[in-house]
Amino acid sequence: MPTSSASTTDSARSASGGVQSLERAFDLLERMADAGGEVGLSELSASSGLPLPTIHRLMRTLVSCGYVRQQPNRRYALGPRLIRLGESASRLLGTWARPYLARLVEETGETANMALLDGDEVVYVAQVPSKHSMRMFTEVGRRVLPHSTGVGKALLAGFPPEEVRALLGRTGMPAATEKTITTPDGFLAALEDVRRLGYAMDDNEQEIGVRCLAVPVPDSPTAAAISISGPAGRVTESAKERIVPVLQQVAVELSEALSTAPSG
């Protein structure tokens, strides 16, 4: 009786009905991303529980496709072909979010944004502007440092303090205004407030005269946050009490929409 080949084993159907080798390959890519983008085979084996020969076959395939590259030190790094996929996915994510942002504008009256954490920076991927003549515009595709923004605080609130300190060490903490938080301890204290209160606030920290309220999108496939921004004269303490619950509810609904996959 002939034995099963390795390729047959790798392409067997998984418990979910999918192709096991594909599930394993994507799992390895995500583990590489979680590890900072570069890992060794032994690290992947230890974290995934897969045997080294299986990981080596999968990585060899990913390298030949351009999704992984092998470094001179024999470690493996995420490859350049993933950039195009990520850019396309970010644009689609913004498209999917627009109806939810439009609802935010309808219920709060202020400009609504969605932002992602891309490396050490915050990038805005979608916006629906307020109908007010005086309104805030943030160009889609704009990149900012997280320490001076509400969305940045919302995005980083779920990260361990040591990772936040490392990020701030790489980016620095330049002051956009006199109210910008410019020390790691001050920023970590602000993140503690975000976790306690359930929302983040940029109070004239990115631009004088502008306030922003932001919340993370829970269980998002990538770190994401939504926000409203407007003149400080409109985004008052009383307005905040009305706006924050709307932001939180829309974030939950957006999370559910993003996590719903059609069954095949």
Side-chain angles (χ1 to χ4, degrees), residues 87 89-118 121-157 174-181 190-191 193-194 197-218 220 222-258:
E87 289 175 343
S90 292
R91 286 194 295 271
L92 280 175
L93 189 59
T95 300
W96 294 332
R98 280 187 62 83
Y100 297 88
L101 300 183
R103 179 179 155 201
L104 274 178
V105 174
E106 192 66 30
E107 296 198 27
T108 69
E110 304 299 344
T111 296
N113 303 285
M114 182 178 188
L116 307 179
L117 191 63
D118 184 19
E121 297 177 315
V122 171
V123 58
Y124 290 92
V125 297
Q127 180 184 88
V128 175
S130 164
K131 297 178 174 64
H132 289 290
S133 56
M134 182 181 292
R135 56 195 177 189
M136 303 301 109
F137 282 107
T138 297
E139 183 182 357
V140 172
R142 180 188 178 200
R143 292 174 175 271
V144 295
L145 297 181
H147 73 282
S148 61
T149 62
V151 285
K153 292 175 188 174
L155 287 165
L156 291 180
T177 75
E178 65 268 23
K179 296 197 70 176
T180 304
I181 299 172
L191 296 189
D193 289 339
V194 175
L197 298 171
Y199 69 92
M201 186 171 185
D202 156 16
D203 186 4
N204 295 269
E205 296 162 51
Q206 177 68 26
E207 184 178 347
I208 291 296
V210 176
R211 284 200 180 107
C212 170
L213 299 170
V215 298
V217 178
S220 174
T222 187
I226 57 173
S227 69
I228 65 91
S229 55
R234 287 204 305 260
V235 186
T236 59
E237 283 298 312
S238 59
K240 182 176 68 176
E241 294 177 6
R242 172 178 56 85
I243 291 170
V244 167
V246 178
L247 267 171
Q248 292 170 332
Q249 180 60 36
V250 171
V252 169
E253 293 176 7
L254 176 56
S255 172
E256 291 172 352
L258 293 176

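Computed from heavy atoms alone, side chains included, the values below leave out hydrogens, waters and symmetry copies.
- Evaluated for a side-chain contact (heavy atoms from CB on, under 4.5 Å) with Val250, the options Val252, Leu247, Val246 yield exactly one hit, Val246.
- Between Arg142 and Glu121 there is no side-chain heavy-atom pair separated by less than 4.5 Å.
- Put simply, the side chain of Leu101 does not reach to within 4.5 Å of the side chain of Asn113, judged on heavy atoms.
- The distance from atom CD1 of Ile181 to atom CD of Glu205, rounded to the nearest 0.5 Å, is 5.0 Å.
- Val105 and Lys131 make their closest contact through CG1-NZ, 4.2 Å (heavy atoms, listed as atom of the first residue, atom of the second, distance).
- Expressed to the nearest 0.5 Å, how far CG of Leu117 lies from OG of Ser220 amounts to 11.0 Å.
- Listed by chain and residue number, nothing satisfies the salt bridge (Lys or Arg N to Asp or Glu O under 4.0 Å) test with Glu241 (two or more places apart in sequence, or in another chain).
- Contact detail for Met114 and Ala224: the closest heavy-atom pair is CE-CB, 3.8 Å.
- Considering all non-hydrogen atoms of both residues, Leu254 and Ala97 come closest at CD1-CA, 4.1 Å.
- Residue-environment remark: CD (Gln249) exceeds the threshold of 12 foreign heavy atoms within 6.0 Å.
- Using modelled atom types and a 3.5 Å distance limit, the side chains of Gln206 and Thr149 yield no donor-acceptor pair.
- Atom CD1 of Ile228 is separated from atom CG of Leu104 by 8.5 Å, given to the nearest 0.5 angstrom.
- Glu207 places none of its side-chain heavy atoms less than 4.5 Å from the side chain of Asp202.
- For the residue pair Ala251 and Pro218, the shortest heavy atom distance occurs at O-CD, 3.7 Å.
- Residue Ser227 holds its OG atom at 11.0 Å from CD of Glu110, rounded to the nearest 0.5 Å.
- Separation of atoms CG (Leu155) and CG (Asp118) is listed at 11.0 Å; rounding is to 0.5 Å.
- Looking only at distances, a side-chain donor or acceptor of Lys153 sits under 3.5 Å from a matching main-chain atom of Met201.
- Atom NZ of Lys240 and atom OH of Tyr199 lie 3.0 Å apart (nearest 0.5 Å).
- For Val122 against Gly152, the heavy-atom pair with the smallest separation is CG2-CA, 3.8 Å.
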### Message
Under the criterion side-chain contact (heavy atoms from CB on, under 4.5 Å), I'd like the reasoning laid out for Asn204 against Glu178: C-alpha separation, chi angles, the key distance, then a yes or no.
### Response
CA-CA 9 Å; Asn204 295 269; Glu178 65 268 23; over 6 Å; no

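- Remark: Arg98 pairs with no residue by the salt bridge (Lys or Arg N to Asp or Glu O under 4.0 Å) rule, at least two apart or across chains.
- Looking at Thr180, its side chain never comes within 3.5 Å of a backbone N or O of Ser148 through a donor-acceptor pair.
- When all heavy atoms are compared, the tightest approach of Arg211 to Val235 is NH1-O, 3.0 Å.
- Looking only at distances, a side-chain donor or acceptor of His147 sits under 3.5 Å from a matching main-chain atom of Pro174.
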